[in-house]
Amino acid sequence: MGATLCPHCGTPNRTGANFCNRCGADLRGETPPPVDPAVGAAPEAPGDAASESASPAQPWLAPGFLGADDAPYADDEEDLAALDALPPLPAPAARLVSGVQGLLDPIRVAVMPQDDAPTSDAAGAPELPFSAEQLRRVRALLVEDPMLAPGPALRPAPARSLWLPVLFLSFGLSVALLLGSGWPLPAGAPMLWQGVDRGFAAVDHLQQGARVQLLWAYDPATAGEMELVTAPVLRHLLARDVTLDVVSLLPNGPATARRVFAAVEAERLPDLSAIGVHRTLAVRFLPGGVTVLPLLSAERADLAVIFGAQAEDVQQWLEQVAPVNRAPVLAVTSAGADPPLRPFLDSGQLVGLVSGYDGAYHYYELLGETPPAAVRSLRTQLVGQGYGALALLAIIVLGNLAALLTGRRQDG
Amino acid sequence: MSSPPVRTNWVFAILLVVALVFVALGRLPGWPGFSTVTRTGYTWAVLLGGVALLLGIINVLWLHIRRIALGQRDWGLSLVLVAVLVAVVSSGLLNPAGATSPLLEWIFDAVIAPGQAALFALLVFFMAAAAFQYLRIGRRGSAWLLAGFLLILAAQTPFISTWLPPGSTGVANWFLNVPVMAALRGVLLGGSLALLVVGLRLLTGRL
C-alpha cells in the first residue's frame with residue numbers, strides 16, 4: 001500500500017488523507033508521489049511538491065521556508081534513511097479523537113542521550129544533524145517543561161508572589177473573627193431596589209388555595225446566598241396557604257428545595273400548628289433541561305415564582321412558559337442576576353424582582369415578622385460582603401498607587 | 001480558494017419546519033390538538049433526558065473503572081469517585097424512602113452542598129485576582145473600567161456609600177440604568193439573534 005509524504009514534516013500518511021497525521025498540515029491539493037515501500041524509491045523533496053500551492057495560512061509549504069525550529073526536511077536519501085533507522089515510536093494509546101496531534105513530533109526522551117553527543121540510536125544508525133542538547137532545549141521551549149531543559153540557558157521562572165491571596169485570606173479571617181466575636185461592625189442600610197414591593201404585593205394578593213408554580217433553579221453552589229433570599233418569599237407563600245407545584249430541572253434541585261422548606265417550616269412551627277396543616281413537599285424533577293420547560297406551560301397557575309441564581313433561568317421561563325400560560329412571574333434571584341433581569345421588570349414581564357441580601361432584607365421588612373435568626377444571617381452576610389468589597393477596592397487602589405509611584409506600567 | 005459546496009441536511013430541514021409549525025400552532029389559541037401533540041413531544045423529551053442522564057452515569061462509571069483497571073494517572077481519584085457514586089446510589093436504592101432516605105439527605109447536606117459551595121466560593125478569589133490584574137491605570141482602556149468599577153462598587157456597598165459625597169450614588173445609578181442597561185439590552189438582543197441565526201445555519205447545513 002502506498003503512502004503520501006507530508007510536505008511539512010515528511011511523515012508518510014495514508015494515500016488520500018486530507019491532513020497529516022502527525023503535524024496536521026493540509027495535504028489536500030498536494031500531489032507528492034506516493035511512496036511504495038516495496039520499491040523503496042526516494043520521495044520527492046517536499047519543498048518541490050508544495051511550491052505551487054503555498055498559502056498564507058501555511059507558509060511552510062512555500063519553497064525555501066525556514067521556521068524557528070527549522071528541522072531540515074529529509075530531502076535526500078541519507079537523511080530519510082537516518083530517520084528510518086530510529087527506533088519506532090511506541091504505539092499510541094487508543095484515542096477518542098485520532099489524527100489531531102499538533103505540530104510537534106512526539107518527544108523521544110527515551111532515546112535522547114544525556115550529553116552533547118550527536119543523536120544516534122543504539123543500533124549505530126547515522127547521526128542526526130542535531131545534538132541532544134539542542135533537541136532538548138527546543139522541546140523544552142515549546143512544551144514549557146523545565147524538566148526537559150536543565151542548564152544555565154533557561155533560567156527558572158521566578159517564584160510567584162502570594163501576597164495577594166494571603167492578604168485576602170487575612171482580611172476575610174479578620175472579618176470572620178470580628179463577626180464571630182460579636183464586635184459591632186458598621187454594616188449600613190441595605191439598598192432598596194425596585195421590584196421588591198411589587199413582588200410582595202403579587203404574593204400577598206393570592207387567594208387561599210391559589211395555584212403557584214415554583215421553579216427551583218439553583219443548586220448547592222449558590223445556596224449560601226439563595227437560601228437567604230428564598231426564605232422570606234417561601235415563608236410568605238406558606239402563610240398565604242397556597243397550593244405549591246414545585247419543579248426543578250436540576251438533579252439536586254429537589255434535595256435543595258426540601259432542605260429550605262424544612263428550615264422555613266421549622267421557623268413557622270407555631271403558625272403551622274395553629275392552622276392545623278401538615279405539608280408533605282413533593283418536588284418534581286424533570287430531566288432534559290430547558291428543552292422540557294414548555295411542558296410546564298400547559299399547566300394553569302395564578303403565579304409563577306422562579307428561584308434561580310442565574311438570569312438565564314428566569315429568561316428561559318419568560319420565553320418558554322409565561323407567554324403560554326399567562327401566569328405572572330416573580331423572580332427571586334442572586335444579586336449577580338439582578339442587572340440582566342431589570343429590563344424584564346421594567347417591561348412588565350416580571351411582576352416583581354427580589355434579589356440578593358438587600359432584597360431579602362426588605363422583603364422581611366414588608367413581611368413584618370422577621371425572625372431573629374434570619375436577621376443575624378442577613379447581617380452577617382451583608383457585613384461580610386461589604387468588607388469584601390472594601391478589601392477589593394483597597395487592594396485595587398493601592399495596587400494602582402504602587403504602580404504609579406514605582407513607575408511600573410503594563411501595556412495591555 | 002473556492003468554498004466547499006453547501007450540503008443541506010434535508011432531514012434536519014424537514015424536522016425544523018415541522019417543529020416550527022407545531023410550536024407556533026401550539027402557542028396559538030384554538031389549536032388544542034396541536035398542543036396535545038407538542039405536549040407528547042415534550043414528554044418524550046423528558047424520557048430522553050432521563051435516559052441521557054443514565055447513559056452519562058454509566059459512561060462516567062465505565063471511564064473511571066477503566067482508569068482504575070489500567071492504573072492510569074490519578075487512578076486513586078477515580079477510585080474515590082466510583083466509591084462515592086456506588087455509596088450514593090445504593091443508599092438511595094436500598095432504602096424504602098428512596099431519594100428522601102436519611103442517609104442520602106445527610107450525604108447531600110454534609111458533603112455535596114458544602115463541597116459545591118466551597119468550590120463556587122473560590123470564584124470570588126479568581127474574580128478579585130483578575131480585577132487586580134486588569135484594572136490598572138497603565139493598561140489600554142482599563143482606566144475607564146477602573147473608574148466605573150470603583151464608582152459602582154462603592155455606591156452599591158451599603159456602608160461605603162455613606163462615605164461618598166452626596167449625589168455620587170445618583171450618578172452611579174444613572175450609569176447603571178442608562179448606558180449599562182442599554183449595552184446589556186444590546187447584548188441580550190444580539191445574543192438571541194446570533195443564536196437564532198447559528199441554529200438556522202446549523203439546521204440547514206450552512207455552518
Side-chain angles (χ1 to χ4, degrees), chain A residues 55 164-165 168-169 185-191 219-224 249 251-252 254-256 258-259 285-289 291-295 297-298 315 323-324 339-340 342-343 346 358 382-383 385-393 395-397 399-400 403-404 408-412, chain B residues 1 23 26-27 35 38-39 42-43 45-53 99-100 104-105 108-109 112-117 119-121 124-125 127-129 131-142 146 149-150 153-154 156-162 176-177 180-181 184-185 187-188:
Chain A
S55 67
L164 186 63
F168 265 107
L169 284 176
L185 290 171
M191 307 288 286
D219 54 15
T222 51
L249 305 180
N252 47 17
T256 313
R258 276 196 297 273
R259 185 168 66 163
F285 165 55
L286 294 181
T291 310
V292 301
L293 203 53
L295 195 60
S297 64
Q315 189 182 341
V324 182
R342 286 277 145 196
D346 296 338
D358 308 83
L382 272 168
V383 172
Q385 194 181 45
Y387 279 89
L390 183 63
L392 188 57
L393 278 171
I395 287 174
I396 288 176
V397 169
N400 275 284
L404 286 176
R408 289 176 56 193
R409 283 174 172 247
Q410 297 184 28
D411 294 327
Chain B
M1 177 183 283
V23 170
R27 291 200 173 201
S35 64
T38 51
R39 185 180 170 80
Y42 289 130
T43 310
V46 172
L47 292 174
L48 284 176
V51 172
L53 193 62
T100 58
L104 204 58
E105 295 280 337
F108 179 81
D109 286 341
I112 297 174
Q116 280 197 14
L119 285 178
F120 191 71
V124 175
F125 293 96
M127 288 174 65
F132 178 75
Q133 292 292 335
Y134 188 73
L135 293 173
R136 301 286 183 86
I137 292 175
R139 284 185 180 270
R140 251 196 315 268
S142 67
L146 177 62
F149 170 80
L150 293 179
L153 189 62
Q156 289 203 344
T157 306
F159 67 93
I160 302 177
S161 62
T162 58
L176 270 184
N177 292 332
V180 173
M181 194 59 71
L184 200 57
R185 290 181 183 184
V187 169
L188 280 176

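Hydrogens, waters and symmetry mates are skipped; everything else that's a heavy atom, side chains included, is used. A, B, ... follow the sequence lines: proteins, then strands. Residue 1 opens every chain.
If you measure heavy-atom distances from L188(B) to chain A, the contacts under 4.5 Å come from the side chain alone. Only the side chain of L392(A) comes within contact range of chain B, judged by heavy atoms closer than 4.5 Å. Proximity to chain A (any heavy atom under 4.5 Å) is shown, for A45(B), by both the backbone and the side chain. Looking at A255(A), both its backbone and its side chain come within 4.5 Å of chain B, counting heavy atoms on both sides. Heavy atoms closer than 4.5 Å to chain A are found in both the backbone and the side chain of A154(B). Interface residue L53(B): only side-chain heavy atoms are found under 4.5 Å from chain A. For a residue to count as touching a neighbouring chain, one of its non-hydrogen atoms must lie under 4.5 Å from one of that chain's; by this rule S297(A) does not touch chain B. The parts of N252(A) that come within reach of chain B are both its backbone and its side chain, each placing non-hydrogen atoms under 4.5 angstrom from that chain.
Contacts with chain A were tallied for V51(B), L48(B), L184(B); L184(B) has the most, counting heavy-atom pairs under 4.5 Å. Of the listed residues L286(A), T256(A), V397(A), the one with more heavy-atom pairs under 4.5 angstrom with chain B than any other is T256(A). The most heavy-atom pairs under 4.5 Å with chain A, out of L104(B), L176(B), T43(B), D109(B), come from D109(B). Most heavy-atom pairs under 4.5 Å with chain B: of the set P323(A), A389(A), P220(A), this distinction falls to P220(A).
In terms of heavy atoms, M181(B) sits closest to P343(A) at SD-CG, 3.3 Å.
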Stepwise side-chain contact (heavy atoms from CB on, under 4.5 Å) test for D346(A) and R185(B):
CA-CA 12 Å; D346(A) 296 338; R185(B) 290 181 183 184; 3.7 Å; yes

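The structure places OH of Y42(B) at 9.0 Å from OG1 of T291(A), a figure rounded to the nearest 0.5 Å. Distance CZ/R259(A) to CZ/F108(B): 5.5 Å, rounded to 0.5 Å.
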